[in-house]
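Have a look at the structure below before the remarks.
We count ligands from 1, going down the list as the structure has it; atoms in each ligand are counted the same way. For clarity, every value in this text was computed on a predicted model and none was experimentally measured.
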Amino acid sequence: MSNNNDHIQGVSEDVYECIEKFDETKTKKLAEVYRKVLKYIGEDPVREGLMDTPERMAKSIQFLTHGYHVDPAKILSSARFREDYKQMVLVKDIEIYSLCEHHMIPFIGKAHVAYIPNGYITGLSKIARVVDAFARRLQVQERMTVQIRDCIQDTLNPMGVAVVIEALHLCMAMRGVQKQNSVTTTSAFTGCFLKDYRTREEFIHLIGVKLH
Ligand SMILES: [Zn+2]
């Protein structure tokens with residue numbers, strides 16, 4: 001896991017604070033590349049409307065991939081509280097904006113994350129931040145689902161973790177098979193969500209998603 005935070009300063013402190021601060025050298029280099037991209041697709045990179053586009057793209061791609069500089073395990077372990085609560089903790093409808101690693105085209109959707117504490121809980125917002133840390137990278141939905149599950153399992157050591165992600169892949173909608181409305185659902189479970197059918201059913205009922 002990359003925790004290389006000298007590219008985007010302040011990222012380890014608070015990801016939301018960091019994202020408008022971009023490394024100048026990197027931004028310049030990326031902008032140069034994007035200027036070439038514009039030329040290769042048949043555009044005129046110096047026409048008025050495109051003058052600042054390469055720099056905007058350079059900043060945009062750094063924002064969209066800032067998850068590489070965030071350590072999700074650290075987010076959770078820095079907000080781990082001792083608590084005897086042993087019921088399901090569920091954070092529903094966490095928005096996901098990610099980029100597919102095959103086309104670098106967005107896939108967008110929702111994550112539903114649940115865990116059953118085993119002595120430790122974390123802040124609810126931290127779950128959303130962990131999802132974001134993995135989403136803001138080049139991803140495949142299947143791997144991201146498992147990464148989120150494993151990160152929570154490894155840092156909080158709960159009785160079980162459940163992660164379901166529903167997403168629309170724009171690379172499918174805009175190009176290729178052009179299936180505009182097909183949503184991909186992935187799921188990953190550990191512990192009691194795997195072993196106990198009723199716990200898993202309760203979770204699936206609460207999130208209102210059909211798993212095939
Ligand atoms: Zn794709």
Atom name, His103 (N, O or S, nearest to the Zn ion (ligand 1)): ND1
Has [X] got a side-chain atom pairing as donor or acceptor with [Y]'s backbone, closer than 3.5 angstrom?
X: Arg137; Y: Gly67; value: yes
X: His103; Y: Cys171; value: no
X: Arg80; Y: Thr122; value: no

Metal-centred angle, SG of Cys100 through the Zn ion (ligand 1) to SG of Cys171, rounded to 10 degrees: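 About 120°, to the nearest ten degrees.
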NZ/NE/NH1/NH2 to OD/OE distance under 4.0 Å, Lys21 and Asp23: no
His102 near the Zn ion (ligand 1): N/O/S under 2.8 Å: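 No N, O or S atom of His102 is closer than 2.8 Å to the Zn ion (ligand 1), so no.
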